[in-house]
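Please read the structure below before turning to the comments.
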2 protein chains.
Amino acid sequence: MTITTSACPSGDERVVLFGLLLETNARLSRSLGVELEAACDLPLAWFEVLLQLRKVPEGRLKMNQIADAIVHSSGGTTRLIDRIEEAGYVTREHCPSDRRAIYVAISANGNQKLDEALNVHLDYLEDNLAKRLDDQERRTLTTLLKKLNSSAKPS
Amino acid sequence: MTITTSACPSGDERVVLFGLLLETNARLSRSLGVELEAACDLPLAWFEVLLQLRKVPEGRLKMNQIADAIVHSSGGTTRLIDRIEEAGYVTREHCPSDRRAIYVAISANGNQKLDEALNVHLDYLEDNLAKRLDDQERRTLTTLLKKLNSSAKPS
DNA sequence: GACAAGTAGTTGTATATGCAACTATAATGA
DNA sequence: TCATTATAGTTGCATATACAACTACTTGTC
């Protein structure tokens, strides 16, 4: 019995695209993670959480909102927030209107750390995004990723 | 001391783009992983390895080539290949010209499993890529990701 | 109001992965 | 040739995460 490799659609244009997406993401997030860790002693996942918290004017989100935003499981998010809280970058606050829910709020230390990390991040992006893609290309990429992303949300 | 949130570059166009890349990837790979696992009982990481092996005509790669292709650490790759080998989808072969090196070769079962998985993957891509982006957009995205990716390789 | 069903978050447990130390082999060069 | 340095892969250990079961609370229905 020969291994025919059959119709072998591994060269399919969509398969290639998807593989590229995985690879690009893996390389970029790994190298950013290394830099953040080295320069700020801040894991990438923590950075993502702090960034999400800064995005909203109140500076706080519920556990499940964070879990959704960073695409983690509920249990994983609990543990992640445990660690970030222990480091003093966020605090848990009770939600008055729903006693099941918990707000996670960024602290002063968290904001300071995030500023630090954003400097590293911006340098990184300058080297790895801006150097490779011009304004127009970045805008196009943003648009395309948004299209791709919105679809996958409700699953 | 007020929490000024400082210059707050979290809305920076590049930061947004990077966040989008992380999020898109996380959502897509998670949902593909769930489908592959459900339909073929094949973890996404295994699928990635098998796909890399099929990409090359010989159907085999050295450990470090695999590690690089799928962006894993060397130790992580050893363990990953251990599991895939135990499942019978790949085999380890000695390299005659370098006795330190090990070839990992896809087996007949591995090829069969990969065909199965590719069917799922192609359906998935049809739903999640092709439905959202037309041919032109996919080509553009591919080009942009390639540019982005080539840069990050040597690190 | 009370019971059923749904939702928010946590915890036990299993697993996957990275890092650093290690072994074995190869390449370099004095 | 032998010693040094570099490389390929594996292993011990620590950690991060997912899944499923659980508790506590809320919402909907009668």
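Computed over heavy atoms, backbone and side chain alike; hydrogens, waters and symmetry mates excluded. Per chain, numbering begins at 1; letters A, B, ... match sequence-line order.
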Give me the atom names and distance for the closest heavy-atom approach of A:L114 to A:L50.
CD2-O, 3.5 Å
Under 4.0 Å, heavy atom to any atom of DNA chain D: which of residues 84-104 of chain A qualify?
A:D98, A:R99, A:R100
Might you list the N or O atoms of the protein lying below 3.5 Å from N or O atoms in nucleotides 1-4 of chain D, with each pair's distance?
none

Just how far, in rounded Å, is P of D:dA18 from CG of B:L36?
17 Å
Please check this pair: side chain of A:K113 against backbone of A:D41, looking for a donor-acceptor N/O pair closer than 3.5 Å.
no
Near DNA chain C, counting only heavy atoms under 4.0 Å, which residues of residues 56-63 of chain B show up?
none
Enumerate the protein-to-nucleotides 17-21 of chain C contacts in which both atoms are nitrogen or oxygen and the separation is below 3.5 Å.
unit_1, atom_1, unit_2, atom_2, d
C:dT17, OP2, B:R83, NH2, 2.6
C:dG18, OP1, A:R30, NH2, 2.3
C:dG18, OP2, B:S73, N, 3.0
C:dG18, OP2, B:S73, OG, 2.8
C:dG18, O6, B:R79, NH1, 3.1

With distance as the sole test, does B:E37 use its side chain to make a donor-acceptor pair with the main-chain N or O of B:V34 at under 3.5 Å?
no
In whole Å, what is the span from the CD atom of B:Q65 to the P atom of D:dA8?
10 Å
Closest approach of A:M63 and A:V104, non-hydrogen atoms and distance?
SD-CG2, 3.5 Å
Can you measure A:I81 atom CD1 to C:dA8 atom P for me and round it to whole angstrom units?
16 Å
From CG (A:N128) to CZ (B:R14), nearest 0.5 Å
11.5 Å
Do you know the tightest heavy-atom contact between B:L20 and B:T24?
O-OG1, 2.6 Å
Taken to the nearest whole Å, CH2/A:W46 to P/D:dT15 is 12 Å
According to salt bridge (Lys or Arg N to Asp or Glu O under 4.0 Å), does anything in residues 83-97 of chain B pair up with another residue at least two apart or in another chain? List the pairs.
B:R60-B:E93, B:D82-B:R92, B:E85-B:R92
Nearest-0.5 Å distance that lies between atom CG in A:L17 and atom OG1 in B:T143
9.5 Å
Please report the interatomic distance OG1(B:T140) to CG(B:L145), rounded to the nearest 0.5 Å.
10.5 Å
B:Q52 (side chain) donor-acceptor with B:V49 (main chain) under 3.5 angstrom:
no
Does OP1 or OP2 of D:dG9 have a side-chain N or O of B:N64 closer than 4.0 Å?
yes
d(A:D123 CG, A:E35 CD) to nearest 0.5 Å is 8.5 Å
Rounded to whole Å, the CG-P distance (B:D41 to C:dT15) equals 13 Å
Separation of D:dA16 P from A:E48 CD (nearest whole Å)
14 Å
Output a table of donor-acceptor pairs, distance under 3.5 Å, between side-chain atoms of residues 69-77 of chain B and any protein atom two or more places apart or on a different chain; print 'none' if there are none.
unit_1, atom_1, unit_2, atom_2, d
B:S73, OG, B:G76, N, 3.0
B:T77, OG1, B:S73, O, 2.7

Identify the heavy atoms of A:S29 and B:L22 that sit nearest to each other, and give their distance.
CB-CD2, 3.7 Å
